[in-house]
Structure formats: structure tokens, C-alpha cells
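See structure below.
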Amino acid sequence: MNFYYFSFAGVPASKDPKLQNDIKELQHRIARMERALTLDGKMAIAGNKLFTSNGKASVYEKTKVTCQEAHGSIAAPRNLNENKAIQKIVQYYNSYAYLGVIESNEPGKFNFWNGDPLNFTNWYKNEPSGQGTEKCVEIYSDGTWNDKMCNNYRLVVCEF
């Protein structure tokens, strides 16, 4: 017995572009949540991004690997709402976290971990201050940023 499903537009569901787009979006959102749940921790959503932590602390490079193994990336806020979502997780665990922001080859100039230029920053007063020596960036519980050496243990926060 064959079943045919029709969309509200009266065409077969497989030929309805809006319905197919909606299904694709739902599949993407479910897959993102499944990946995030592998970390088994606190979550926060901002826009199309989901941020989560496993509650563990690690050095910067290990944080990147942990997030990649979960099919995500280290949290890198690109606007105030994303920064606030990460801040909620940091406050929940009462621990600073590394961000996916690193110092470029030019001392004092920072960019996202993938090389994209920063389009948003939230530096703490008089930061960044460790030009050339503090290549990583951490987020404080008040949501502000500080440049930091990469070998300190900070909360793992990933984005999906």
C-alpha cells in the first residue's frame, strides 16, 4: 500500500519547497542538539547557535579538541546575545572559560580561531594587555574578556 502525503499547498510534500526547507531546518536543529547533548551539561541558545559545556576545565588546545570531537567548535561570540549565552554558562559553573578568539601574528590584534576578523568584542577595562604573551582569550562571569596564556585550565564551552 502506497501513501502519498500532501502539503497544505495541495502538492505532494516531496515537491513543496517550503515544507522541504522546514524539514531540513528541523533536521539541522535536531542534529545540533544531539551533538550538544554528547557533552551532557548546561546549554544556552542565542539565535541559531547552541552553546553548551561539559562542566570540565581544560587548556585551550584540549578545549578545541573536545568541541571538535563533539562536532562543534570552541565558543566564539559574534554578538552581544551570543556573549550573554556563554556568560550564563560561565556563571552557572562559576568558572571562566576560553573563547574561540586568539591573538594573531600581530601582537595586540585578535581574531576568531578560524582566522575571521573580530566583528564583536567585550574586553574588560584596559584589556587586552599581554601583547605577544597572552594569546588566548577568556570570558569572565560578568561577560567581559581578558587575554590569557593558553596553558591555564578554563571551562570547556562549545558552540553548535
Consider only side-chain N and O atoms of [X] and [Y], and report whether a donor and an acceptor are under 3.5 Å apart.
X: Asp116; Y: Asn114; result: yes
X: Ser129; Y: Glu127; result: yes
X: Asn146; Y: Trp123; result: no

Set out, in order, the CA-CA distance, both residues' side-chain angles and the distance that settles salt bridge (charged side-chain N to carboxylate O under 4.0 Å, His left out) for Glu138 and Arg154, then state yes or no.
CA-CA 8 Å; Glu138 64 185 353; Arg154 295 293 180 258; 2.5 Å; yes

Nearest-0.5 Å distance, [atom1] of residue [X] to [atom2] of residue [Y]:
X: Tyr153; Y: Lys62; atom1: OH; atom2: NZ; result: 10.0 Å
X: Asn21; Y: Leu26; atom1: CG; atom2: CG; result: 10.0 Å
X: Thr63; Y: Leu99; atom1: OG1; atom2: CG; result: 10.5 Å
X: Cys136; Y: Ile74; atom1: SG; atom2: CD1; result: 7.5 Å
X: Glu25; Y: Gln20; atom1: CD; atom2: CD; result: 13.5 Å
X: Ile23; Y: His28; atom1: CD1; atom2: NE2; result: 15.5 Å

Please say yes or no: joined through hydrophobic side-chain contacts below 4.5 Å, possibly via intermediate residues, are [X] and [Y] part of one cluster?
X: Ile86; Y: Leu80; answer: yes
X: Ile45; Y: Phe160; answer: yes
X: Phe51; Y: Ile139; answer: yes
X: Leu155; Y: Tyr96; answer: no

Taking atom CG as the centre, does Asn48 end up with more than 12 heavy-atom neighbours from other residues, nucleotides or ligands that are less than 6.0 angstrom away?
no

Please say whether more than 12 non-hydrogen atoms of neighbouring residues, nucleotides or ligands are located less than 6.0 Å from OH in Tyr140.
yes

Taking 4.0 angstrom as the limit, do Glu103 and Lys109 come out as a salt bridge?
no

Would you call Glu159 and Lys49 a salt bridge, taking side-chain N to carboxylate O under 4.0 Å as the test?
yes

Is any side-chain heavy atom of [X] less than 4.5 Å from a side-chain heavy atom of [Y]?
X: Ser104; Y: Phe110; value: no
X: Asn152; Y: Tyr98; value: yes
X: Val101; Y: Leu118; value: yes
X: Tyr92; Y: Lys88; value: no

Are the side chain of [X] and the backbone N or O of [Y] linked by a donor-acceptor pair below 3.5 Å?
X: Ser53; Y: Val156; result: yes
X: Tyr124; Y: Gly143; result: no
X: Glu134; Y: Met149; result: no
X: Asp147; Y: Gly130; result: yes

Stepwise, does the side chain to side chain contact (heavy atoms under 4.5 Å, CB included) test hold for Trp145 with Thr121?
CA-CA 8 Å; Trp145 303 0; Thr121 63; 4.0 Å; yes

Heavy-atom closest pair, residues Val157 and Cys67
O-SG, 3.8 Å

Verdict with reasoning, Ile102 to Val137, per side chain to side chain contact (heavy atoms under 4.5 Å, CB included)
CA-CA 6 Å; Ile102 56 171; Val137 176; over 6 Å; no

Can you confirm if the NZ or CZ of Arg78 lies within 45° of the ring axis of Phe112 and under 6.0 Å from the centre of its six-membered ring?
yes

